[in-house]
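Computation of the quantities below employed the complete heavy-atom set of this structure, encompassing side-chain atoms and omitting hydrogens, waters and symmetry-equivalent molecules.
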Number of protein chains: 2
Amino acid sequence: METVERLIRSTQELLWERGYVGTSPKAIQRAADAGQGSMYHHFSGKAQLAKAAIARSGVELRAAAEEQFAGPGTATERITRYLERDRDVVRGCRIGRLTADPDVMADPELRSPVDETFRWLRGRLAEVVAEGKRAGEYPATIDPEQTAATIAAVLQGGYVLAQAADSPEPFELAVRGLVNLLPGDAE
Amino acid sequence: METVERLIRSTQELLWERGYVGTSPKAIQRAADAGQGSMYHHFSGKAQLAKAAIARSGVELRAAAEEQFAGPGTATERITRYLERDRDVVRGCRIGRLTADPDVMADPELRSPVDETFRWLRGRLAEVVAEGKRAGEYPATIDPEQTAATIAAVLQGGYVLAQAADSPEPFELAVRGLVNLLPGDAE
DNA sequence: GTCTATAGGGAGATAGAC
DNA sequence: GTCTATCTCCCTATAGAC
């Protein structure tokens, strides 16, 4: 793999594990097996490298989610598949954790891929919910944008609870609780 | 206010804003208007001070939540009051944000107050839901522990989405979406 | 209790050789 | 493209005076 690619992927991993403030250029170089000069040749510094890594993670998150949204089945079935997808729960969300990083939130260049990713996710979930309404699966009292935000929040909050407990259990409880509240639940 | 108290409160604030990794002893001293020697006289170091601050925040979070849980009304009414309570949404959750801090999660002394706080919250919410079941407000298909995890997750996830958007809107959408899904919704 | 001095180490980046 | 040397500043803590 080329150096640039190794640098970006290593930064994605470190950002996931330790966040922006907790990740040093030196640590990135070590993980990417690249020298100081090499890193600064390809990127202007930590911020630009982080921007590339965050953008990449955002693209990957969308692609992974779209796999479930675009599949067959009712709205609840597709949402449930998304929620119950295999996840490395105790590692948390690569994008969501950046929300706790003040240096990321303060820099528009770093924040916008985070913002965009969640905007897309909520929008896409709202479409699925709206399809469920049109199909008569959900009553008219269901608001797509509200419900979409609720679903995305259960995921992100489930990660938080799981990390606090150092166990996937709270995440799984939260997801099952939500699925159980959704109209048209299969069980 | 005494020095010890100022140190703890300043640490609580900084931990909330910048997390553990992003908070330096020097910043704490500045915020608390205390000298280097003063801080190290009262605390062995950053970790011990953080422990006191996190424990304090946990106690405060419980007390604030209990105000809504112990109030009058049906389960959904009390849960809704808790969810819709006035919050500094875009600042996020003081406890939840620590979940993204690897140095906090790695140290049992720092992690346990975080873990304990969320365990208490889920347990307390489960009690309220169970009361709702006994009162006939919720059907037998509702699982108290699952539903409690869902409610706590919507809050924590709502904070994440709000911080990403730099607006309380996603939080409010997520909360309204959840309330709308709960049985016995007043509206 | 609080102050100042000091210290080893890492963060983040620049410069110029190869 | 990559390497090594160098630089400034801050992190976290210790030591000992007052």
N/O to N/O distances under 3.5 Å, protein versus nucleotides 3-8 of chain D:
| residue | atom | partner | partner atom | Å |
| --- | --- | --- | --- | --- |
| D/dC3 | OP2 | A/Gly35 | N | 3.2 |

Going by chain and number, the hydrophobic cluster around B/Met1 (ILVMFWY, side chain to side chain under 4.5 Å) further includes none
Hydrophobic cluster (4.5 angstrom, side-chain heavy atoms) - remaining members for B/Trp16
none
In this structure, how many angstroms lie between the [atom2] atom of [N] and the [atom1] atom of [X], rounded?
X: B/Gln48; N: D/dT12; atom1: CD; atom2: P; result: 16 Å
X: B/Glu2; N: C/dT2; atom1: CD; atom2: C1'; result: 16 Å
X: A/His41; N: C/dT14; atom1: NE2; atom2: P; result: 15 Å
X: A/Lys46; N: C/dT14; atom1: NZ; atom2: P; result: 15 Å
X: A/Phe43; N: C/dA13; atom1: CZ; atom2: P; result: 13 Å

Phosphate contact (D/dT2 OP1 or OP2) by A/Thr3 side-chain N/O below 4.0 Å
yes
Name each donor-acceptor pair under 3.5 Å that joins a side chain in residues 35-45 of chain B to protein atoms two or more places apart or in another chain, with its distance.
| residue | atom | partner | partner atom | Å |
| --- | --- | --- | --- | --- |
| B/Gln36 | OE1 | B/Gln29 | NE2 | 3.2 |
| B/Ser44 | OG | B/Gln48 | OE1 | 2.9 |

Which atom pairs, one a donor and one an acceptor, fall under 3.5 Å between side chains of residues 88-95 of chain B and the rest of the protein, sequence neighbours left out?
| residue | atom | partner | partner atom | Å |
| --- | --- | --- | --- | --- |
| B/Arg91 | NH2 | B/Glu13 | OE1 | 3.3 |
| B/Arg94 | NH1 | B/Glu60 | OE1 | 3.2 |
| B/Arg94 | NH2 | B/Glu60 | OE1 | 3.3 |

Whether over 12 other heavy atoms sit under 6.0 Å from B/Lys51 NZ:
no
Any side-chain donor near an acceptor of the partner, B/Tyr138 and B/Thr76, under 3.5 Å
yes
Return all side-chain donor-acceptor pairs below 3.5 angstrom for residues 20-28 of chain A, not counting sequence neighbours, or 'none' if the list is empty.
| residue | atom | partner | partner atom | Å |
| --- | --- | --- | --- | --- |
| A/Thr23 | OG1 | A/Leu14 | O | 3.3 |
| A/Thr23 | OG1 | A/Gly19 | O | 2.6 |
| A/Ser24 | OG | A/Ala27 | N | 3.1 |

Interface with DNA chain D, restricted to residues 97-109 of chain A and to heavy atoms under 4.0 Å:
none
For DNA chain D, determine which residues of residues 5-31 of chain B have any heavy atom closer than 4.0 angstrom to one of its atoms, and list them numerically.
B/Thr23, B/Ser24, B/Pro25
For [X], side chain to side chain contact (heavy atoms under 4.5 Å, CB included) partners two or more places apart:
X: A/Glu169; answer: A/Ser167, A/Leu173
X: B/Pro108; answer: none
X: A/Ala174; answer: A/Val154, B/Ala149, B/Thr150, B/Ala153

Residues which pass salt bridge (Lys or Arg N to Asp or Glu O under 4.0 Å) with B/Arg87, listed by chain and number, not counting sequence neighbours:
none
If each of A/Tyr40 and B/His42 is mapped to the nucleotide of DNA chain C with the nearest heavy atom, which maps nearer the 5' terminus, i.e. the 5' end?
B/His42
